[in-house]
A.B. asks: 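One structure is given below, represented as structure tokens, and several questions about it will come after.
We number each residue from 1, following the sequence as shown. Remember, predicted model here, so these are calculated numbers, not experimental data.
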Amino acid sequence: SVKPYIFGDYLVILDPLSDDKLIHIFDKDTFEYILSAGQLGRGPGEIINIGPVEFIESNNQMLVTDASKQCVLAYNMDSLLLNPLHFPYIKAKLNEKVRMGRYVHISDTLCIGQSIEPTSNSTARQYMAKWNMISNAIDKMPYEHPDIDIDDKRFIFAVSEKYELYVECYQYYDLMSICSLDGKLKYNIYGSSWDPKKSRKILYYGFDMCFCGKKIIVSYSGKNNVDDSGSYSYPTKFLIFDINGNYIKTLETGCSIYYFCYDEKNDRVIMSLDDEMQLAYLNLHGLI
């Protein structure tokens with residue numbers, strides 16, 4: 001599915017299944033198309049297997065991971081907007097043994113995100129980690145829930161540099177953990193279906209989450225992974241919490257939500273959906 005991001009005045013759409021350009025940039029206020037970038041291919045500056053996209057506000061950069069080339073490419077957004085053929089440079093090489101999945105850039109060298117450590121040809125461990133883009137050192141965060149086996153952990157996360165927090169939501173456990181940026185536990189929030197025995201049959205928290213000001217918004221299912229027709233069952237609702245993990249409310253959208261991002265200026269969530277309507281937005285003003 002496509003993944004939306006907000007960066008400055010722009011809505012950036014990652015389309016990993018495109019057979020040409022993989023990144024599409026729009027005006028975030030009007031949704032007017034501006035340009036496409038990220039050429040699929042094996043040549044210099046091209047992308048073989050696109051991974052996460054991240055942004056650095058301080059120097060107006062868009063970072064794009066190429067999982068096959070084991071590197072992070074950096075685009076200068078001003079240069080890209082002036083010239084769609086703007087050539088990226090390699091900002092970082094990836095660790096061959098332990099790689100970073102999605103991450104959030106904190107400073108010139110520090111990133112916080114999801115590290116993936118292969119344990120066999122078909123299995124891997126996931127954990128929150130600090131990543132130094134210069135030295136390529138990956139340091140695991142100290143907190144892990146004592147009742148969850150690291151081999152069974154699958155999660156989504158959000159990071160707030162402003163509030164010095166990161167949040168993990170577990171996909172196969174009804175659990176949210178809120179930690180400080182140095183990896184110390186602040187709160188565990190247990191849902192009504194919390195059970196330390198993992199079940200791959202039920203998806204609790206979905207595929208994306210983010211901070212919306214002083215609130216945390218996360219997609220939630222709580223249903224079987226597969227519906228009666230045999231199709232994958234996506235989350236349709238958002239759960240809203242404050243930054244201390246206190247539950248506020250549930251928003252039922254009636255849509256199958258895959259990824260989403262928060263547009264602070266317009267106070268709305270922009271979603272990618274598993275539906276004929278691939279992209280949609282939900283105004284939050286007055287709702288939360």
A.B. asks: Measuring centre to centre across the rings, with the benzene-like ring taken for any Trp, is Phe26 within less than 6.0 Å of Tyr33?
C.D. replies: yes
A.B. asks: Does the gap between the ring centers of Phe211 and Tyr262 come in under 6.0 Å?
C.D. replies: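 No; Tyr262 has its ring centre 6.0 Å or more from that of Phe211.
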A.B. asks: For the pair Lys3 and Asp208, find out whether any cationic side-chain nitrogen is under 4.0 Å from an anionic carboxylate oxygen.
C.D. replies: yes
A.B. asks: Compute the centroid of each ring, for Phe87 and then for Tyr75, and state whether the two points are separated by less than 6.0 Å.
C.D. replies: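 No, they do not, as the ring centres are separated by 6.0 Å or more.
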A.B. asks: Does the ring centre of Tyr170 sit less than 6.0 Å away from the ring centre of Tyr205?
C.D. replies: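 No, the ring of Tyr205 stays outside the 6.0 Å limit from the ring of Tyr170, centre to centre.
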A.B. asks: Above 12 or not: heavy atoms from other molecules or residues under 6.0 Å from NZ of Lys186?
C.D. replies: no
A.B. asks: Take atom CD of Glu164 as the centre, draw a 6.0 Å sphere, and report whether it contains more than 12 heavy atoms from other residues, nucleotides or ligands.
C.D. replies: no
A.B. asks: Regarding Arg99 and Glu117, does a basic nitrogen lie under 4.0 Å from an acidic carboxylate oxygen?
C.D. replies: no
A.B. asks: Can you confirm whether Met176 sits close enough to Phe241 that some side-chain heavy atom of one is under 4.5 Å from a side-chain heavy atom of the other?
C.D. replies: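 Yes, close enough: below the 4.5 Å cut-off.
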A.B. asks: Between Asp151 and Arg125, is the closest basic N to carboxylate O distance under 4.0 Å?
C.D. replies: yes
A.B. asks: Take atom CD1 of Ile90 as the centre, draw a 6.0 Å sphere, and report whether it contains more than 12 heavy atoms from other residues, nucleotides or ligands.
C.D. replies: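 Not more than 12 within 6.0 Å, no.
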A.B. asks: Within the side chain of Asn266, is there an N or O that forms a donor-acceptor pair under 3.5 Å with the backbone of Arg268?
C.D. replies: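 A pair under 3.5 Å: no.
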A.B. asks: So if I apply the side-chain contact (heavy atoms from CB on, under 4.5 Å) rule between Ile288 and each of Ile248, Leu251, Val269, which one comes out positive?
C.D. replies: Leu251
A.B. asks: Between Lys215 and Asp242, is the closest basic N to carboxylate O distance under 4.0 Å?
C.D. replies: no
A.B. asks: Evaluate the salt bridge (Lys or Arg N to Asp or Glu O under 4.0 Å) criterion for residues Lys153 and Glu144: first the C-alpha distance (whole Å), next the side-chain angles of each, then the deciding distance (0.1 Å), finally the verdict.
C.D. replies: CA-CA 10 Å; Lys153 181 179 176 180; Glu144 291 289 354; 2.9 Å; yes
A.B. asks: Quick one: does Ile13's side chain get under 4.5 Å of Val2's, heavy atoms only?
C.D. replies: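 Result yes, sub-4.5 Å side-chain heavy-atom pair found.
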A.B. asks: The test is salt bridge (Lys or Arg N to Asp or Glu O under 4.0 Å); show your working for Lys130 and Asp182 and say whether it passes.
C.D. replies: CA-CA 9 Å; Lys130 294 181 179 180; Asp182 58 359; over 6 Å; no
